[in-house]
Amino acid sequence: MEHLLADFPVITEIPVAWGEMDALQHVNNVVYFRYFETARIDYFKQVALMEETQSTGIGPVLSETQCRYKIPVTFPDTLLIGSRVVDIQSDRFTMEYQAVSKKMGKVTTTGSATVVMFNFKNGQKAHLSDKLIHAINTIEATS
């Protein structure tokens with residue numbers, strides 16, 4: 001399964017909970033956005049984004065997100081969610097996600113998100129810091 005996530009520098013393991021399934025007996029579509037959120041926060045931890053937000057008041061705001069469902073996931077299973085940054089602009093970056101089922105050994109779901117940096121003190125968009133850009137470039141170079 002490692003080859004399915006080789007291009008993703010951060011891997012988040014998430015066990016599927018029984019309560020995440022819907023009436024059709026597979027993981028409900030909304031739950032994947034929570035999975036991607038967990039993976040995104042893991043990525044942010046790796047690049048120390050939350051620490052930077054606490055010290056500067058400038059942090060990430062989700063601008064746009066999408067999900068593509070390929071194969072239904074059912075309980076019991078564990079998903080490995082790969083996350084990476086595929087585009088960096090002055091005030092935003094785009095992340096991609098890929099979910100792999102341990103039970104099936106296949107990619108089940110893909111997604112993306114645009115994250116805009118926001119200055120919470122003045123209520124306006126902000127630029128990514130050089131420190132953050134360097135951290136993202138460094139972590140991406142490892143995959």
Side-chain angles (χ1 to χ4, degrees), residues 1-22 26-143:
M1 274 189 294
E2 291 80 23
H3 70 283
L4 296 173
L5 295 170
D7 294 333
F8 294 85
V10 177
I11 311 295
T12 303
E13 186 168 316
I14 301 177
V16 174
W18 171 262
E20 294 170 336
M21 292 194 306
D22 60 19
H26 57 76
V27 172
N28 185 275
N29 61 311
V30 174
V31 175
Y32 290 93
F33 290 100
R34 199 171 310 124
Y35 294 162
F36 293 160
E37 176 186 54
T38 299
R40 186 169 48 254
I41 297 302
D42 279 353
Y43 191 101
F44 290 174
K45 287 178 188 174
Q46 294 292 316
V47 296
L49 179 53
M50 301 321 281
E51 291 87 348
E52 185 174 328
T53 299
Q54 287 178 342
S55 66
T56 65
I58 296 172
V61 174
L62 191 63
S63 168
E64 180 180 335
T65 187
Q66 69 88 26
C67 184
R68 176 148 189 242
Y69 311 98
K70 296 176 171 246
I71 303 170
V73 174
T74 58
F75 177 88
D77 202 348
T78 300
L79 297 177
L80 300 175
I81 314 286
S83 56
R84 64 183 174 188
V85 170
V86 295
D87 182 53
I88 300 174
Q89 297 180 30
S90 64
D91 63 347
R92 68 193 64 215
F93 55 92
T94 302
M95 299 187 76
E96 287 184 350
Y97 314 104
Q98 185 158 281
V100 174
S101 161
K102 280 186 154 183
K103 181 167 64 176
M104 294 181 274
K106 295 180 180 180
V107 175
T108 65
T109 319
T110 59
S112 66
T114 301
V115 178
V116 175
M117 296 308 289
F118 190 77
N119 185 323
F120 294 100
K121 294 175 186 173
N122 67 17
Q124 296 180 349
K125 285 194 300 185
H127 290 285
L128 277 75
S129 69
D130 291 339
K131 181 179 175 182
L132 177 58
I133 292 169
H134 176 73
I136 291 171
N137 287 332
T138 299
I139 198 168
E140 290 301 326
T142 65
S143 63

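Everything numeric in this text was worked out from a predicted model, so none of it was measured.
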- Between Pro60 and Leu49, is any pair of side-chain heavy atoms under 4.5 Å apart? yes
- Query: Can you tell if the side chain of Ile11 reaches within under 4.5 Å of the side chain of Glu2, non-hydrogen atoms only?
  - Reply: no
- Item | Heavy-atom closest pair, residues Lys121 and Thr56 | NZ-O, 3.4 Å
- Would you give the length of the straight line joining atom NE2 of His26 to atom OG1 of Thr74, rounded to the nearest 0.5 angstrom? 10.0 Å
- Query: Atom CG in Leu79, atom OG1 in Thr108: separation rounded to 0.5 Å?
  - Reply: 5.0 Å
- Query: Relative to the ring of Phe33, is the ring of Phe36 parallel (under 30°), tilted (30 to 60°) or perpendicular (over 60°)?
  - Reply: perpendicular
- Task: Over all heavy atoms of both residues, which pair between His127 and Ile58 is shortest? Give the atoms and the distance, please.
- Result: O-CG2, 4.5 Å
- Message: With heavy-atom distances below 4.5 Å as the criterion, would you say the side chains of Tyr35 and Glu20 are in contact?
- Response: yes
- Lys103 side chain vs Pro76 backbone, donor-acceptor pair below 3.5 Å: yes
- Locate the shortest heavy-atom distance separating Tyr32 from Cys67; write the atom from each residue and the value. CB-SG, 3.9 Å
- Among residues two or more places apart or on two chains, list those pairs meeting side-chain hydrogen bond (donor to acceptor under 3.5 Å, both in side chains) that have a residue in residues 40-49. Thr12-Asp42, Arg40-Tyr97, Tyr43-Glu140
- Among residues two or more places apart or on two chains, list those pairs meeting salt bridge (Lys or Arg N to Asp or Glu O under 4.0 Å) that have a residue in residues 68-77. none
- Task: Give the minimum heavy-atom separation between Val16 and Phe75, together with the two atoms involved.
- Result: O-CD1, 3.2 Å
- Message: Can you tell me how far apart OG1 (Thr138) and CD1 (Ile133) are? Round to the nearest 0.5 Å.
- Response: 11.5 Å
- Query: What is the minimum heavy-atom distance between Ser83 and Ala39, and which atoms define it?
  - Reply: OG-O, 3.7 Å
- side-chain contact (heavy atoms from CB on, under 4.5 Å) between Thr38 and Ile81, intermediate numbers included: CA-CA 9 Å; Thr38 299; Ile81 314 286; over 6 Å; no
- Message: Donor-acceptor pair, distance only, cut-off 3.5 Å: does the side chain of Gln98 make one with the backbone of Leu4?
- Response: yes
- Message: Looking at every heavy atom in both Met104 and Pro72, which two are closest together, and how far apart are they?
- Response: CE-O, 3.5 Å
- Task: Evaluate the side-chain proximity of Glu96 to Asp7: yes if any heavy-atom separation is below 4.5 Å, no if none is.
- Result: no
- With a 4.5 Å limit on heavy-atom distance, are the side chains of Glu37 and Thr65 in contact? no
- Do the non-hydrogen side-chain atoms of Ser101 and Lys106 ever get within less than 4.5 Å of each other? no
